[in-house]
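Down below is the structure, laid out as structure tokens.
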Amino acid sequence: MQPRRRRLVPPRDPATLLPSLAAAPSQSRLREIHAHLLVSGRLASYSYLAAVIASLASSKHLSYARLLLPQRPATLFVHNSLIRALARGPRPHLTFAAFRELPFAPDHNSFTSLVRAATSLAAAASVKPVPPDVGVDLLAGSVHAAALRHGHAAYPHVQSGAVSMYAAVGDVRAVRAAFADIASPDMVCVTAMLGALSAGGDVVSARKLFDGMPQRDHVAWSAMITGYVHAGRSREALGLFDEMQKAGAAVSEATLVSVLTACAQMGTLERGMWVHSYVRSCRMRLSATLGTALLDMYSKCGFVSMAMQVFEIISDKSIYTWTSALSGLAMNGMGKECLDLFKRMEDAKVQPNAVTFVAVLRGCSMAGLVDEGRTCFDSMKHKHGVDPWPKHYGCMVDLYGRAGRLDDAVDFIHAMPVEPHEGVWAALLNASRIHNRVELGKYAMDKLMVMESKNCPAHVLLSNIYANSQNWKGVSRVRDVMKAKGVTKVPGCSAIEVYGMVHEFFVGSKSHPRYSEIETMLAEMNHRLRLQGYAANTKEVLFDIEEEEKESAISLHSEKLALAFGLITLPEGTAIRIMKNLRVCKDCHDYTKLISKVFDREIVMRDRNRFHHFKHGGCSCRDYW
DNA sequence: GTAGGGTTAG
């Protein structure tokens with residue numbers, strides 16, 4: 001077959017070329033476009049040249065952009081365009097090189113971009129080391145100092161940029177100082193500041209600032225919603241979103257991303273699906289960011305098939321998209337699928353980062369794929385050049401430990417090139433609990449104690465190990481230690497969404513308005529289960545109490561209350577979805593399995609670590625958690 | 001024709 005010849009038709013409007021440049025064209029297409037620009041004489045126009053350079057720099061053709069620069073005696077504006085594009089692009093450290101090579105004295109616009117570059121670098125530094133090997137805090141300080149030296153630090157854009165920059169490096173004092181320097185902050189500055197405050201963990205001050213704003217646009221609303229999401233207060237985030245819509249503020253893509261994150265956090269599938277249909281009805285394009293937030297919401301609501309459907313239709317998948325999909329498969333126990341997807345990612349030549357490997361290793365560990373996990377861990381550094389984090393070592397110990405290969409887990413710990421951190425010992429402790437290795441559990445706990453750990457789940461784990469071996473002295477010792485160290489126990493809470501409303505249940509709480517119905521249902525559940533020969537597993541109750549009392553304490557675990565409520569309110573044939581803030585205990589797990597059989601219901605339960613999909617008396621985790 | 005809000009893990 002004859003290869004089709006491409007026609008060289010110059011586009012009528014030069015502006016139509018810019019999007020195709022930013023979309024990272026192939027080399028040959030790029031040369032074609034360049035030829036058009038030269039022939040049509042458009043590269044002679046400064047503003048157009050600047051736009052072209054900016055588009056090129058933000059795509060994958062940085063060197064090409066640089067090539068264009070000396071073609072004309074470029075103005076400061078053209079150089080600033082390049083710097084701006086670099087600062088917003090995927091490799092912000094290149095901004096500094098371009099800044100140093102400026103053939104002009106930098107102006108306030110140059111510094112606006114430089115501050116932005118430092119901000120992006122600081123944000124990226126948590127995932128990968130920053131290329132110019134310098135601490136991001138030092139970088140922020142010196143960028144600010146340079147702006148002062150050149151007399152541009154008082155420019156409003158530099159000022160509000162500095163607020164965000166110091167927030168990104170986590171320097172709360174510098175944030176406050178930078179904000180105090182601004183004589184009369186406008187809406188944009190205040191929004192930057194409220195974002196900075198909530199990023200620093202102070203949503204309360206952020207909210208005060210927000211309430212005091214004379215006017216708020218959609219960015220200000222979004223920033224506040226995001227603040228709540230990052231604080232883990234997703235209920236308030238969703239409430240604020242409702243207010244935002246009542247106030248008539250425009251809903252942007254960024255807003256929806258935050259709202260979806262809130263839905264994911266709470267596990268409110270119905271509201272999440274509402275956002276999805278909103279996106280569709282507005283005919284919004286599913287960008288990588290929006291699509292990823294959507295896919296993540298579906299996985300965190302236990303709706304994996306839908307998550308994967310969304311994944312497939314995202315056309316420009318980012319590293320976040322891939323990682324989120326992998327993590328979704330991992331937490332739903334689909335280790336095999338997770339590895340397959342990782343292979344696809346490698347084939348697609350997408351570079352995995354450290355977070356990606358956390359997801360894949362967790363996938364292996366959830367599904368008991370020990371050898372595959374080991375291979376993956378080894379490939380991290382050798383094949384992909386990703387240095388392992390403490391967490392990756394923890395995943396490996398978990399992988400060996402869960403599978404019952406405790407000796408391998410211990411060998412692995414001893415062979416670690418870095419000092420084992422808390423998570424490693426906690427993983428060993430958990431494995432000891434699963435496989436009833438009391439001595440090994442004590443050993444792991446001793447290590448944790450030395451670290452002055454206030455890790456509450458670890459203490460509870462050790463207590464469970466003691467309880468399993470009827471060692472009530474050990475149990476009460478753990479309790480005393482917890483008291484002495486001030487380890488606070490988070491109360492167990494299960495949430496269930498019914499017709500758009502989220503109902504929360506705590507252990508033994510009777511405060512729900514429909515509690516009497518719940519009580520009746522609980523009695524019926526227990527009755528029907530007993531007919532099936534179910535006896536409560538009371539071993540894991542934290543304290544040594546009389547057998548009868550124990551049973552009633554267990555029967556009031558929050559997940560059972562939520563389950564009863566779901567059985568009352570949700571029509572037959574609909575899955576019951578429960579979100580628990582802590583791990584499901586063994587008894588509740590067995591109990592739920594039986595309920596799924598006796599009541600012929602699909603039950604999806606999300607706990608702190610993963611999902612359990614109960615059906616016909618079995619669970620997707622194959623009791624392996 | 002230059003600012004502020006957004007996605008993965010924990």
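Only heavy atoms go into these numbers, but all of them, side chains included; no hydrogens, no water, no symmetry mates.
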Atom pair distance, as rounded to whole Å: [atom1] in [X] and [atom2] in [N]:
X: Phe210(A); N: dG4(B); atom1: CZ; atom2: P; value: 19 Å
X: Leu82(A); N: dT2(B); atom1: CG; atom2: P; value: 18 Å
X: Asp107(A); N: dT2(B); atom1: CG; atom2: C1'; value: 9 Å
X: His230(A); N: dG5(B); atom1: NE2; atom2: P; value: 11 Å
X: Leu194(A); N: dG4(B); atom1: CG; atom2: C1'; value: 9 Å
X: Gln265(A); N: dA9(B); atom1: CD; atom2: P; value: 11 Å
X: Arg216(A); N: dG4(B); atom1: CZ; atom2: P; value: 21 Å
X: Met244(A); N: dG6(B); atom1: CE; atom2: P; value: 13 Å

Nearest to the side chain of [X], which nucleotide is it out of [options]?
X: Val355(A); options: dG4(B), dT2(B), dA9(B); value: dA9(B)
X: Ala293(A); options: dT7(B), dG10(B), dA3(B); value: dT7(B)
X: Val257(A); options: dT8(B), dT7(B), dG4(B); value: dT7(B)
X: Ser287(A); options: dG6(B), dG5(B), dA9(B); value: dG6(B)
X: Ser222(A); options: dG5(B), dA9(B), dG6(B); value: dG5(B)
X: Thr261(A); options: dG5(B), dA3(B), dT7(B); value: dT7(B)
X: Glu253(A); options: dT8(B), dG6(B), dG4(B); value: dG6(B)
X: Ser164(A); options: dT7(B), dG10(B), dG5(B); value: dG5(B)

*May I ask you to evaluate whether Arg116(A) reaches the phosphate of dT2(B), defined as a side-chain N or O under 4.0 Å from OP1 or OP2?*
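Negative; the distance criterion is not met.
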
_If the cut-off is 4.0 Å, is Arg88(A) near the phosphate of dT2(B), judged by side-chain N/O to OP1 or OP2?_
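Answer is no, no contact under 4.0 Å.
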
Under 3.5 Å, is there a donor on one side chain and an acceptor on the other for [X] and [Y]?
X: His384(A); Y: Glu346(A); answer: yes
X: Glu253(A); Y: Ser287(A); answer: yes
X: Ser324(A); Y: Thr292(A); answer: no
X: Asp296(A); Y: Ser299(A); answer: no

*Any stacking of Phe77(A) on dG1(B), going by centres under 5.5 angstrom and planes within less than 30 degrees?*
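So yes, this residue stacks on that base, both cut-offs being met.
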
*For Tyr320(A) and dT8(B), say yes or no: do the ring centres fall under 5.5 Å of each other while the ring planes differ by less than 30°?*
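No, aromatic ring not over the base.
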
Base, sugar-phosphate alone, or nothing: which one does [X] contact when heavy atoms must sit under 4.0 Å apart?
X: Ser327(A); answer: sugar-phosphate
X: Ala192(A); answer: sugar-phosphate
X: Ser113(A); answer: nothing
X: His218(A); answer: base
X: Trp389(A); answer: base

*According to the ring pair (Phe, Tyr, Trp, His ring centres under 6.0 Å) rule, which pairs have a member within residues 314-335 of chain A, sequence neighbours left out?*
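Only Phe311(A)-Trp322(A) qualify under ring pair (Phe, Tyr, Trp, His ring centres under 6.0 Å).
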
*On a plain distance test, is the side chain of Asn80(A) in donor-acceptor contact with the base of dG1(B) below 3.5 Å?*
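No.
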
*Please confirm whether any donor atom in the side chain of Ser252(A) sits under 3.5 Å from an acceptor in the base of dG5(B), or the reverse.*
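Answer yes: a donor N or O sits under 3.5 Å from an acceptor.
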
*Would Phe99(A) and Phe111(A) count as a close aromatic pair, with their ring centres under 6.0 Å?*
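Centroid distance Phe99(A)-Phe111(A): below 6.0 Å, so yes.
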
*Aromatic plane relationship, Tyr393(A) with Phe377(A) - under 30° parallel, 30 to 60° tilted, over 60° perpendicular*: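 The rings of Phe377(A) and Tyr393(A) stand perpendicular, inter-plane angle above 60°.
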
*Between His392(A) (side chain) and Ala354(A) (backbone), is there a donor-acceptor pair under 3.5 Å?*
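Pair found, side chain donor or acceptor close to backbone of Ala354(A).
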
*asked:* According to side-chain hydrogen bond (donor to acceptor under 3.5 Å, both in side chains), does anything in residues 351-361 of chain A pair up with another residue at least two apart or in another chain? List the pairs.
replied: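 Applying side-chain hydrogen bond (donor to acceptor under 3.5 Å, both in side chains) to every pair that reaches into residues 351-361 of chain A, excluding sequence neighbours, yields Thr323(A)-Thr356(A), Asn353(A)-Thr356(A).
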
*Report the residues that fulfil ring pair (Phe, Tyr, Trp, His ring centres under 6.0 Å) with His218(A), sequence neighbours left out, ordered by chain and then residue number.*
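His218(A) satisfies ring pair (Phe, Tyr, Trp, His ring centres under 6.0 Å) with no other residue.
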
*asked:* My understanding is that only residues two or more places apart in sequence, or in another chain, count here; which of them pass ring pair (Phe, Tyr, Trp, His ring centres under 6.0 Å) with Tyr166(A)?
replied: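 Listed in chain order: His144(A).
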
*asked:* If you take any heavy atom closer than 4.0 Å to DNA chain B, which residues from residues 296-305 of chain A end up in contact?
replied: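 When residues 296-305 of chain A is checked for heavy atoms under 4.0 Å from DNA chain B, the hits, listed by number, are Asp296(A), Lys300(A).
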
*Is there a residue in residues 181-189 of chain A whose heavy atoms reach under 4.0 Å of DNA chain B, and which residues are they?*
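The stretch gives Asp186(A), Met187(A), Val188(A) as the residues lying under 4.0 Å from the strand, ordered by number.
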
